[in-house]
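First listed ligand is number 1; within each ligand, the first listed atom is number 1.
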Amino acid sequence: MTPTKYTTRTIPKISLHNFPNRIPEITSQLIHAAETDGFFVLTNHSIPPSLITSQFALSKSFFSLPEPTKASIPFTHANTGWESQAQYRPSKGQPDQKESYQLQYGSAMEGKWLREEELPGLKEGSLTFMRACQEVSEMLMLCFARGLGFEDNYFKKHHDITRSESQTVLRLLHYYTINQDVPTPFSYHRAGAHVDWSFLTLLFQHAGQSGLEICPGREVSTAFGTGDVWTKVEPEEGEIVCNIGDLLMSWSDDRFKSTFHRVKTPVDRETDYFGERFSIAYFNQPCTDCEIQGPGKKYPMVTGREFTKRAMERNFAALKAKKEELGGESV
Ligand SMILES: O=C(O)CCC(=O)C(=O)O
Ligand SMILES: [Fe+2]
């Protein structure tokens, strides 16, 4: 196994302080970050630290529940529910070593909330947190709409969480502790390299629970491939790490780049984090019936439903190719 090559890149930090009066300045910072790094970190945003802390506490309580309770709300094609070691990345053809629980706002959650007595406050608390994430997302959507020459509400209305067509997702993630005394198998990945197919992803991490790495420079919205020079993104409490997803890349006619990222397999006792890791991701997804096309019409128009379906199919095709390359290994 060839060792990963690393380089230090400065991840832009963008403050949302006093947003209504700083929209032009924030817009130019966001556009620059989106055109170059594809990743940026938000500071001074509107989500109170206590809300982030409570959502992490809910997440920890959820993942501590007995397996049969979690298995009673399994992950399905509606993109909601709980899974454990079931997500295969096309880059590796092996399952991520983690469990996750995906939540949405609307009908896709039917049968996917636990009963209140199983985890009191889960539904109300998570929806409050999701709405706070949406508020931040809508600030960014306004800036991206201006940057691309659309009217201010353009992206906001296509990601309307009050509509039953909403596909936006909150994902609670839990990576298992890794035993430092046993050599880590090659196939072991906390989260294999991938790009998100969202518009924008907002990621919350805990200080000290490192592992996130990025590799900018994705050039086309359809190809899979992992660059070989990575940069570590150290988690800071309260900050939001954002990445451009394939949807915004396509909607900007490839002007903004979606960026490969992964959660590293810890191998080095001196530098890597082997303990359990919790993170929370909020994926802005388009309403199923919205029409997606960039200002320059580089790609044919597709609906939100088609975009999601194609992204899943691309993932599946790339995974199949990877499996064949690995010699029909059972995944
Ligand atoms: O857990 C993390 O830090 C990253 C998660 C992620 O990239 C994803 O779920 O798409
Ligand atoms: Fe991701």
Using only N, O or S atoms, tell me which atom of H261 is closest to the Fe ion (ligand 2).
NE2
For D196, what is the atom name of its N, O or S atom nearest to the Fe ion (ligand 2)?
OD1
Using a strict 4.0 Å cut-off to heavy atoms of [X], name the atoms of ligand 1 that fall inside it.
X: R277; answer: 1 (O), 2 (C), 3 (O)
X: Y175; answer: 1 (O), 2 (C), 4 (C), 5 (C)
X: V263; answer: 1 (O), 2 (C), 3 (O), 4 (C)
X: F283; answer: 8 (C), 9 (O), 10 (O)
X: H261; answer: 7 (O)

Are any of the N or O atoms of Q205 closer than 3.5 Å to those of ligand 1?
no
For residues T288 and Q167, determine if any side-chain heavy atom of one lies less than 4.5 Å from a side-chain heavy atom of the other.
yes
The reported gap from NZ in K123 to CZ in R115 (rounded to nearest 0.5 angstrom) is 14.0 Å
Flag this pair as yes if the NZ/CZ of K98 is under 6.0 angstrom from the six-membered ring centre of Y176 and inside a 45 degree cone about the axis; otherwise no.
no
Residue portion contacting ligand 1 (non-hydrogen atoms closer than 4.0 Å) for T201:
neither
Below a 4.0 angstrom heavy-atom separation, can you tell me which part of S279, side chain or backbone, both or neither, approaches ligand 1?
side chain
The salt bridge (charged side-chain N to carboxylate O under 4.0 Å, His left out) partner of K157 among E151, E291, E165 is E151
Selected option - heavy-atom contact closest to atom 9 (O) of ligand 1, from R262, R171, H174:
R171
Nearest non-hydrogen contact with atom 10 (O) of ligand 1 belongs to which option: K98, K264, R190, H194?
H194
Would you kindly say whether H158 and D160 are connected by a side-chain donor-acceptor distance under 3.5 Å?
no
Evaluate the ring planes of F278 and H174, with Trp represented by its six-membered ring, and classify them as parallel (under 30°), tilted (30 to 60°) or perpendicular (over 60°).
parallel
Aromatic plane relationship, F155 with F199 - under 30° parallel, 30 to 60° tilted, over 60° perpendicular
tilted
Is the shortest distance from a Lys or Arg side-chain nitrogen in K13 or E239 to a carboxylate oxygen in the other one below 4.0 Å?
yes
